[in-house]
Q: 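The structure follows.
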Amino acid sequence: MAGSPGFPLTAGGPIDGQALARHWRARLAAPAAGSKVTGLADAIRASVRPRDAVYLGGSLARPNAAAFELTRQFHGTKPELTVIAPALANQHAVLVRTGLVAKAITSLHGNTYPGPGPNPVFTEADRTGAVRFEDWSMLTLVLRLYAAATNVPFLPTRSLVGTDLGRELAEAGLLQMIKDPFGDGDGDEIALVPPLHPDVTIVHSLMADPAGNAVISPPYYEDAWAAFATRRRVIVTTEKIVPTEVVRRYPQYVRVPGARVSWVCEVPFGSHPNQVPGDLVPEVGGYHDDYEFLAELRAAARDGDALDAWIKRWVLGVRDHEEYLAQVGARRLAELRGKTNPAGWERELAVLGTRWSDPPAPGERNVVLGARYLHRLVKRDGLRTGLAGVGVSTLAAWLASDRLRADGIAFDLLAEGGMYGYTPLPLDPYLFNYRNLFTSTWLTNAQTILDVVAGGHDNRAVGVLGAAQVDSRGAINTSRIRGRMLTGSGGGNDIASSASVVVVTTVHDRARLPETAEFVTSPGHRVRAIVTDRAVLERTEPGGGFVLTGVLGEPGTATETLIRDAVGGCGWPLPVAGDVELFAPPDGRELAAVRTFDPTGNFVL
């Protein structure tokens with residue numbers, strides 16, 4: 001030690017305490033390593049090559065500025081990139097439309113705001129074969145990255161078993177199904193998923209030091225395993241570059257250490273139009289999703305010419321991210337920061353009051369009946385957590401949770417992005433809305449929520465899932481209808497594969513309730529009930545078929561008529577229980593609750 005360069009000791013001499021103190025103060029103040037700071041365009045140019053596999057993700061903060069810069073640099077060159085992301089969403093339509101993507105590896109592909117739905121750009125690219133979509137569930141995609149990061153040849157999971165989603169992956173040689181080697185020989189099948197190594201990983205952070213140590217505020221969504229799994233380059237874009245001593249205040253939030261980073265780029269609002277959670281790091285702070293911008297992009301994606309004009313205005317028609325932000329405007333950006341105020345909804349109550357006297361819409365009927373059923377199920381079965389998909393299923397879980405809390409029953413809401421025990425606030429039904437994030441009692445990642453809390457040992461979780469189709473076996477389809485690509489699994493397959501019990505919410509018609517689903521995205525063996533806008537179909541015994549056990553009342557309509565209509569609206573011969581329950585129509589208090597959560601009817605109209 002005494003011989004180390006710069007160490008303030010001399011052989012055989014006394015220790016100079018003041019010199020030693022100066023030395024270590026200087027060491028603590030200095031950067032951990034040499035600077036890796038560069039401009040975003042330079043980092044992309046030095047890192048991404050044609051036919052690379054590029055990972056875009058690492059948390060709820062998405063590297064959208066980097067994705068748009070990729071578009072500028074590679075536009076017109078047909079680079080045949082493979083894009084890997086937990087969700088190929090509204091903003092990624094730009095990459096597909098401009099011809100940069102040859103293959104997409106993801107768990108969900110479609111619009112994500114205000115809820116999942118097919119994106120015409122993606123469905124057309126799939127139809128024509130311009131892009132090959134490799135579909136996984138959320139958890140299995142994360143496990144592939146984790147396997148690559150930990151340098152193991154595979155990881156086991158219960159997800160994907162018994163589904164067309166898993167079968168297609170197995171037929172492509174991307175997955176293996178085996179019997180549990182430690183079982184009794186007749187045990188359940190498990191899936192083995194292989195590692196996934198991107199060539200380049202791009203992560204957006206809240207702040208980073210010049211060495212690349214990146215602070216990412218939770219929840220962590222799919223997390224930053226891709227940064228450890230990447231083959232060649234890791235680019236960190238960040239809201240702000242700060243001295244290392246500032247990063248040291250938040251070591252618990254550093255998800256990417258500088259040793260893994262190739263380049264650091266300061267890119268304020270680099271996740272726009274998506275959010276950056278930042279409440280836990282006041283030196284920088286976060287900002288809200290730009291809902292108006294996302295809605296404009298979703299609308300533009302319906303027409304090729306309109307989307308081309310949008311891309312020209314926002315991506316190809318600006319030189320860089322700085323010009324992009326100037327076009328967004330300082331006032332709009334300031335408003336997005338202001339909307340992170342957790343009490344901001346109190347100032348927005350004026351949006352309420354527009355639908356109070358309207359009769360219940362079918363979606364609202366579905367929410368109310370779903371909430372009533374969940375309330376009863378949780379109390380009866382002693383369930384303690386609930387993980388809902390986006391849309392009607394979310395609102396049903398929120399209403400049930402509110403009523404359970406009023407009854408003094410502990411029931412924690414989960415979200416696959418990494419939220420545990422959150423309290424949904426009014427006026428915004430979007431599952432990952434910013435204000436809900438920091439009402440959570442625990443913020444973690446998708447792997448922990450899906451694989452441990454909602455799917456692990458002795459879980460007492462109810463999964464609440466929507467479906468494009470749910471069939472007589474409870475099998476769920478969110479992948480394809482008449483050959484047309486839908487959104488894929490997201491975390492749906494993982495929830496349906498492992499949660500203690502599953503409830504499906506959907507519209508009551510024969511197309512949504514076929515005898516056999518066209519494509520099985522998620523297995524049906526854990527589905528306890530299918531709750532529609534008209535009826536409750538339950539499994540009255542384990543492994544049995546569904547039975548009509550309840551109908552939702554309508555003023556002036558006889559119970560016998562409601563039962564007959566429910567049976568006729570089902571795509572398979574539906575048995576009827578001997579004592580079908582007649583649920584009262586939604587009351588004013590229930591409708592007010594639904595409309596408080598979803599005042600504009602995004603999910604229910």
Side-chain angles (χ1 to χ4, degrees), residues 107 116 135-140 157-170 177 188-191 366 370 373-374 377 381 383 386-389 391-393 396-397 416 450 454-455 459 461-481 486-532 535-550 566 569-575:
S107 75
D135 288 359
W136 295 82
S137 68
M138 174 64 69
L139 177 60
T140 54
T157 178
R158 286 190 299 274
S159 296
L160 302 178
V161 175
T163 65
D164 292 326
L165 186 61
R167 174 186 55 77
E168 286 193 348
L169 290 166
M177 301 287 184
D188 291 339
E189 274 193 320
I190 58 172
N366 198 179
Y373 182 82
L374 285 168
L377 177 68
D381 287 15
L383 303 170
L387 179 53
V392 165
S393 55
E416 68 181 37
L450 293 171
N459 78 76
V462 54
V464 193
L465 301 174
Q469 291 180 326
V470 55
D471 69 16
S472 60
R473 304 161 296 166
I476 299 167
N477 178 14
T478 55
S479 293
R480 292 187 178 275
I481 295 288
L486 302 177
T487 59
S489 167
N493 178 283
D494 310 306
I495 298 166
S497 297
S498 299
S500 178
V501 61
V502 174
V503 175
V504 178
T505 61
T506 193
V507 176
H508 197 113
D509 65 46
R510 297 175 70 87
R512 292 292 189 99
L513 301 170
E515 185 164 11
T516 303
E518 177 180 328
F519 185 99
V520 179
T521 310
S522 303
H525 60 284
R526 295 179 185 269
V527 174
R528 179 75 58 83
I530 302 167
V531 182
T532 75
V536 175
L537 286 57
E538 280 188 280
R539 277 195 170 113
T540 55
E541 57 184 52
F546 291 95
V547 177
L548 180 68
T549 60
C570 186
W572 68 87
L574 180 64

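Remember, predicted model here, so these are calculated numbers, not experimental data.
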Q: Once rounded to the nearest 0.5 Å, what's the spacing between atom CG of Leu486 and atom CZ of Arg480?
A: 8.5 Å
Q: Would you name the heavy atoms of Ser137 and Ser107 that are closest together and state the gap between them?
A: C-CB, 3.5 Å
Q: Out of Leu465, Thr478, Thr506, which residue meets the side-chain contact (heavy atoms from CB on, under 4.5 Å) rule with Val470?
A: Thr506
Q: So, using side chain to side chain donor-acceptor pair (under 3.5 Å) as the criterion, who are the partners of Thr549 when residues are at least two apart?
A: Glu538
Q: With a 4.5 Å heavy-atom cut-off, do Leu387 and Val464 have their side chains touching?
A: no
Q: What do the steps show when you test Met138 against Leu450 for side-chain contact (heavy atoms from CB on, under 4.5 Å), and what is the final call?
A: CA-CA 9 Å; Met138 174 64 69; Leu450 293 171; 3.8 Å; yes
Q: Report the C-alpha separation of Phe519 and Ile481 in whole Å, then their side-chain angles, then the decisive distance to 0.1 Å, and conclude whether the side-chain contact (heavy atoms from CB on, under 4.5 Å) test is met.
A: CA-CA 8 Å; Phe519 185 99; Ile481 295 288; over 6 Å; no
Q: Can you check whether Leu165 reaches Ser489 side chain to side chain, under 4.5 Å on heavy atoms?
A: yes
Q: Decide yes or no for Glu189 and Met177: does some side-chain heavy atom of the first lie under 4.5 Å from some side-chain heavy atom of the second?
A: yes
Q: Measuring only between side-chain heavy atoms, which start at C-beta, is His508 closer than 4.5 Å to Leu513?
A: yes
Q: Work out which heavy atom in Gly463 is nearest to a heavy atom in Ile495; give both atom names and the distance.
A: CA-CG2, 3.6 Å
Q: Would you say the side chain of Val547 lies within less than 4.5 Å of the side chain of Leu537, judging by non-hydrogen atoms?
A: no
Q: Is it true that a side-chain atom of Arg539 and a backbone atom of Gly545 form a donor plus acceptor pair closer than 3.5 Å?
A: no
Q: Taking only residues two or more places apart in sequence, or in another chain, which ones meet Arg473 in a salt bridge (Lys or Arg N to Asp or Glu O under 4.0 Å)?
A: Asp471
Q: To the nearest 0.5 Å, what is the distance between OG1 (Thr505) and OH (Tyr373)?
A: 13.0 Å
Q: Output every pair passing side chain to side chain donor-acceptor pair (under 3.5 Å) with a member in residues 514-525, not counting sequence neighbours, ordered by first then second residue.
A: Ser479-Thr521
Q: Of all residues at least two apart in sequence or in a different chain, which pass the side-chain contact (heavy atoms from CB on, under 4.5 Å) check with Arg167?
A: Asp164, Glu171
Q: Find out whether Ile190 and Thr157 are in side-chain contact, i.e. whether some heavy atom of one side chain is under 4.5 Å from a heavy atom of the other.
A: no
Q: Between the main-chain N or O of Trp136 and the side-chain N or O of Thr140, is there a donor-acceptor pair closer than 3.5 Å?
A: no
Q: Test of understanding: with side chain to side chain donor-acceptor pair (under 3.5 Å), list the residues that count as partners of Asp381, not counting sequence neighbours.
A: Arg528
Q: Kindly compute the distance separating OG1 (Thr163) from CG (Asn477), expressed to the nearest 0.5 Å.
A: 11.0 Å
Q: Hey, can you pull the donor-acceptor pairs under 3.5 Å for the side chains in residues 497-504, sequence neighbours left out?
A:
| unit_1 | atom_1 | unit_2 | atom_2 | d |
| --- | --- | --- | --- | --- |
| Ser497 | OG | Asn493 | O | 2.6 |
| Ser497 | OG | Asn493 | OD1 | 3.3 |
| Ser498 | OG | Arg158 | NE | 3.4 |

Q: Could you tell me which non-hydrogen atom of Val520 sits nearest to which non-hydrogen atom of Gly162, and how far apart they are?
A: CG1-O, 4.2 Å
Q: Quick one: does Val392's side chain get under 4.5 Å of Asn366's, heavy atoms only?
A: yes
